[in-house]
Asker: 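Handing you this structure, nothing more for now.
Residue indices begin at 1 and follow the sequence shown. Every number for a ligand or one of its atoms is a count from 1 in the order of the listing. In this text, all values refer to a predicted model and were calculated from it rather than measured experimentally.
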Amino acid sequence: MKLHYAPGACSIGIHVLLEEIGKPYEAVAVNLREGEQYKPEFTAVNPKSKVPTLVRDDGSVLTEYPAIAYWLARSNPFANLLPDDIDQQARALELMDYAVATIHMQGFARQFRPSNFTPNAVDEEAVKTKGKEIAEKGFALLDKALAGKEYAVGKFSIADSAIFYVSFWAKRVGITLPANVAAHFERMTARPAVQRVLLQEGLA
Ligand SMILES: N[C@@H](CCC(=O)N[C@@H](CS)C(=O)NCC(=O)O)C(=O)O
């Protein structure tokens with residue numbers, strides 16, 4: 001398996017899942033700042049120009065964080081990345097999708113790339129402010145979901161990897177994580193798989 005990732009990007013959550021699974025894989029860095037994602041070498045693999053991109057052992061390519069995380073969990077059941085109970089599985093997917101589709105794609109994306117949300121440079125500060133509001137509301141809801149729990153659905157699952165990557169970005173945009181999310185972030189950071197990924201991505 002080969003993971004195309006960018007250091008500190010959302011792909012870090014998938015990188016963590018690969019380390020949790022513990023099977024051999026190759027990690028290939030894509031330099032987003034230099035626009036490598038738009039070069040033919042990369043678009044031949046993923047025409048969406050996005051990381052995470054996972055090339056599986058049969059050569060097929062899987063994109064979109066939730067799809068990759070779900071496939072990794074289901075195809076490596078020994079790693080216990082999804083609970084057995086169907087209701088808890090649905091809760092894990094619900095939280096993962098909220099982190100990816102709302103907190104990342106609506107909240108952080110507005111703050112990192114405001115020009116993608118308005119054609120007018122003068123509106124970019126307002127776009128960033130809106131993005132921060134969305135992310136802060138998201139963390140407040142995650143805080144409630146994490147109350148009294150070590151991990152999103154009790155024990156570690158794919159939901160935690162997504163909550164981890166959005167939490168990892170909070171400091172960059174001046175967001176203070178609420179208490180339960182901050183404690184979850186500390187717990188995640190202490191996991192040996194996360195430590196290895198931080199080192200590999202040059203972020204330790
Ligand atoms: N919906 C995609 C989003 C992936 C995404 O936005 N990746 C960012 C990095 S966090 C990216 O590759 N950006 C490069 C670009 O847009 O040029 C997913 O869930 O995987």
Asker: Hey, are Q106 and R110 close enough side-chain-wise for a donor-acceptor pair under 3.5 Å?
Answerer: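 Distance-only check passes for R110 and Q106.
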Asker: Should A6 be listed as contacting ligand 1, given a heavy-atom distance under 4.0 Å as the test?
Answerer: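 No, A6 has no heavy atoms under 4.0 Å from ligand 1.
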Asker: Is K48 in contact with ligand 1, taking contact as a heavy-atom separation below 4.0 Å?
Answerer: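 Outside the 4.0 Å threshold, so no.
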Asker: How are the rings of F42 and H4 set relative to one another: parallel (under 30°), tilted (30 to 60°) or perpendicular (over 60°)?
Answerer: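 The rings of F42 and H4 stand perpendicular, inter-plane angle above 60°.
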Asker: What about V51: any of its N or O atoms under 3.5 Å from an N or O on ligand 1?
Answerer: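 Between V51 and ligand 1, an N or O pair is found under 3.5 Å apart.
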Asker: Going by atom types alone, do H15 and Y25 pair a side-chain donor with an acceptor below 3.5 Å?
Answerer: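 Present: a donor and an acceptor within the cut-off.
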Asker: Who's closest to atom 1 (N) of ligand 1 heavy-atom-wise, of E36, E64, H4?
Answerer: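 The option holding the nearest heavy atom is E64.
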Asker: Which ligand 1 atoms does V100 reach within 4.0 Å, using its non-hydrogen atoms?
Answerer: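 Answer for ligand 1: 19 (O).
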Asker: Among all the protein's non-hydrogen atoms, which is closest to atom 10 (S) of ligand 1, and how far away is it?
Answerer: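 Its nearest protein heavy-atom neighbour is C10 SG, 2.8 Å.
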Asker: Are H104 and Y65 close enough that their ring centres sit under 6.0 Å apart?
Answerer: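 No, the ring of H104 stays outside the 6.0 Å limit from the ring of Y65, centre to centre.
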Asker: May I have all residue pairs that pass side-chain hydrogen bond (donor to acceptor under 3.5 Å, both in side chains) and include part of residues 166-176, sequence neighbours excluded?
Answerer: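 For residues 166-176, and leaving out neighbouring residues, there are no side-chain hydrogen bond (donor to acceptor under 3.5 Å, both in side chains) pairs at all.
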Asker: I'd like to check which ligand 1 atoms, numbered from 1 as shown, lie under 4.0 Å from a non-hydrogen atom of Y38.
Answerer: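 Every atom of ligand 1 under 4.0 Å from some heavy atom of Y38: 15 (C), 16 (O), 17 (O).
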Asker: Does E36 come within less than 4.0 Å of K39, counting only side-chain N to carboxylate O?
Answerer: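 Judged by the 4.0 Å cut-off on N to carboxylate O distance, E36 and K39 do not form a salt bridge.
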Asker: At what distance is the nearest protein heavy atom to atom 19 (O) of ligand 1, and which residue and atom is it?
Answerer: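 Result for atom 19 (O) of ligand 1: Y65 N, 3.1 Å.
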Asker: Which of the numbered atoms in ligand 1 are below 4.0 angstrom from a heavy atom of Q37?
Answerer: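 Within the 4.0 Å cut-off of Q37, ligand 1 contributes 14 (C), 15 (C), 17 (O).
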Asker: What is the closest protein heavy atom to atom 13 (N) of ligand 1, and at what distance does it sit?
Answerer: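 Going atom by atom, the protein heavy atom closest to atom 13 (N) of ligand 1 ends up being K50 CD, 3.9 Å.
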Asker: Determine whether V197 and I12 make a side-chain contact, defined as any pair of heavy atoms from C-beta on separated by less than 4.5 Å.
Answerer: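 Result yes, sub-4.5 Å side-chain heavy-atom pair found.
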Asker: What are the atoms of ligand 1, with element, lying closer than 4.0 Å to any heavy atom of P52?
Answerer: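 Ligand 1 atoms under the 4.0 Å threshold to P52: 20 (O).
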Asker: Holding to salt bridge (Lys or Arg N to Asp or Glu O under 4.0 Å), I want the full list of residues that pass it with R113, two or more places apart in sequence or in another chain.
Answerer: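 R113: no salt bridge (Lys or Arg N to Asp or Glu O under 4.0 Å) contacts found.
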Asker: May I ask you to identify the nearest protein heavy atom to atom 3 (C) of ligand 1, giving residue, atom name and distance to one decimal place in Å?
Answerer: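 The closest heavy atom on the protein side is M105 SD, 3.8 Å.
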